[in-house]
Amino acid sequence: MADSSTTLAGPASGGARKLSPRKRRQLSLAAQSLVLVALLAILILTVDGSKIQKSFFDFKAAQNMFPALFTVALKNTIIYAVSAYVLGFVLGLILALMRLSSFAPYRWISLAYIEIFRGLPALLVLMIIGFGLPIAFDGLQFPLDPYDKVAIGLGLVAAAYMAETFRAGVQAVPPGQLEAARSLGMSHSRAMFSIVLPQAVRLVIPPLTNELIVLFKDSSLVSVIGITLAGRELTKLGSDEAIKVANSTPFVVAGATYLLITIPLGILVRRLEAKQRKSR
Amino acid sequence: MSNAVEIVDLHKSFGELQVLKGINASVKTGEVICIIGPSGSGKSTLLRCVNLLEQPNAGQVIVHGVDLTHRDVDIDAARRRLGMVFQSFNLFPHLSVLDNVTISQRKVLGRGRAEAEKIARNNLEKVGVGEKARAFPAQLSGGQQQRVAIARALSMDPQVMLFDEPTSALDPELVGEVLTVMRQLADEGMTMLVVTHEMQFAKEVADKVLFMDGGYVIEQGPAAQVIGAPQHERTKTFLRRVLDPTHLDVTE
């Protein structure tokens with residue numbers, strides 16, 4: 001019995017018909033390269049280059065976007081994203097602490113919040129805040145309209161995601177840290193704030209930066225709640241201009257401006273992750 | 001001499017698993033007690049029950065007259081009397097060595113920065129890592145980390161020091177430096193409860209040795225007696241395995 005299994009797994013198995021693993025790898029690589037080249041060729045042959053250039057890269061059509069692209073649209077995009085991020089960060093941290101609390105009602109409230117706001121589209125939440133609340137609560141005013149509406153709407157959703165991130169971070173801190181702090185006479189909350197949370201936040205900086213990238217993109221949703229010219233952000237400015245000049249280049253310009261922010265943030269995230277891997 | 005620690009009929013179980021089945025022991029002020037026994041015998045759990053990192057199911061732990069198991073006791077205040085040193089050091093990795101040793105002095109005892117740092121430096125000097133005050137834990141060897149952990153516990157002016165297998169996570173050549181610090185503490189008259197596998201240390205430093213197995217204290221007495229001339233069969237078997245592991249019968 002042992003003899004037959006050795007023969008099956010042995011190097012001479014299968015006879016001469018089978019290729020060696022090295023040959024098989026080479027063949028597979030060659031096949032993949034061939035498919036890639038074929039796809040590229042099809043793309044180049046079927047697409048009308050001048051038409052593409054005219055509709056997406058006609059920069060004369062986009063010249064009306066300046067300087068409002070930076071002075072209004074980019075500025076507003078940053079304000080929307082960062083204000084929602086700050087609100088989401090604070091609320092998310094509170095929710096995470098409630099989720100880890102020994103007082104059961106806190107855990108229930110936090111869990112319900114997270115499940116609800118993680119499950120709702122940000123667009124819908126923005127609409128409820130923007131249209132629903134002012135009608136439901138008579139005389140409710142948003143003094144900084146639309147900035148406060150957007151910060152609350154996007155921040156409420158971001159808080160749900162960030163709460164889960166913080167919770168994972170706290171749970172990733174070894175339990176010995178809390179024990180050591182408690183054995184030095186610290187109360188539970190003191191140990192949490194001085195010892196566990198600083199380590200947890202450091203652990204979750206990369207995923208939290210990803211959340212900022214998400215908010216930069218989600219800030220494009222604010223156009224649904226009706227914003228003034230001064231409140232326009234990148235997507236709204238891009239689409240307004242695209243309609244005006246009947247050309248898609250403003251979309252491309254707006255898109256490139258997003259990437260101006262999100263790509264450096266993405267690089268930052270990768271650097272931070274690499275640094276964490278090294279320090280471990 | 002008064003009793004520093006009094007353990008009365010202590011029971012602890014994790015779910016169905018009974019880990020401590022009625023432990024009685026007392027530690028006089030200035031005494032060094034070593035707790036030995038096979039793994040799973042409950043010795044670490046006993047130590048963790050003494051400063052209530054584990055909540056006992058029944059029984060009492062009395063430290064200098066204060067019953068820690070009483071419902072209304074201020075456990076944070078009570079724990080300050082007990083310094084704890086862990087097997088895995090548990091230094092705070094985000095803080096420098098100096099901050100590791102000052103943070104609870106400042107946040108818990110309310111000492112000012114200057115005072116806390118002076119006490120910290122004295123204790124770091126004492127355990128031989130004075131020049132590492134500005135380093136971070138990750139930059140230190142295991143032996144240095146454990147000595148910092150001892151300095152951290154000492155800086156809270158504990159009346160009793162608890163050591164939970166303090167050398168078990170160390171490379172063999174680093175064990176000596178930690179044991180030397182512990183021996184020095186013992187010589188200075190610190191009351192110590194030490195869970196350890198270092199029989200030589202127990203023999204030479206302990207005033208009393210407790211042998212635990214299966215959740216009971218099987219045998220206790222002077223170190224020379226428990227380690228040198230054990231009475232119980234289980235103690236004998238354990239010591240033979242620990243002290244002379246290369247000459248066992250295969251059937252053991």
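Labels below follow one simple rule: chain letters A, B, ... track the order of the sequence lines, proteins then strands, and each chain is numbered from 1. Because only heavy atoms are used, hydrogens play no part in the values below, and waters and symmetry mates are left out as well, while side chains stay in.
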Sorted by number, residues from residues 33-46 of chain B in contact with chain A (heavy atoms, under 4.5 Å): none

Residues of residues 48-71 of chain B with any heavy atom under 4.5 Å of a heavy atom in chain A: B:R48, B:N51, B:L53

A:R107, CZ: over 12 other non-hydrogen atoms inside 6.0 angstrom: yes

For A:F216, ring-ring contact (aromatic ring centres under 6.0 Å, His included) partners two or more places apart: none

More than 12 heavy atoms of other groups within 6.0 Å of A:Y113 OH: yes

A:A191 versus chain B, the contacting section by heavy-atom distance below 4.5 Å: neither

Chain A-proximal positions within residues 82-117 of chain B [heavy-atom distance under 4.5 Å]: B:L82, B:M84, B:F86, B:N90, B:L91, B:F92, B:P93, B:H94, B:L95, B:I103, B:S104, B:K107, B:V108

Top contributor to chain B interface from A:P198, A:P174, A:S194 [non-hydrogen pairs under 4.5 Å]: A:S194

Shortest non-hydrogen contact between A:A180 and B:R152, atoms and distance: CB-NH2, 3.6 Å

Presence of salt bridge, A:R182 and B:D76, under 4.0 angstrom: yes

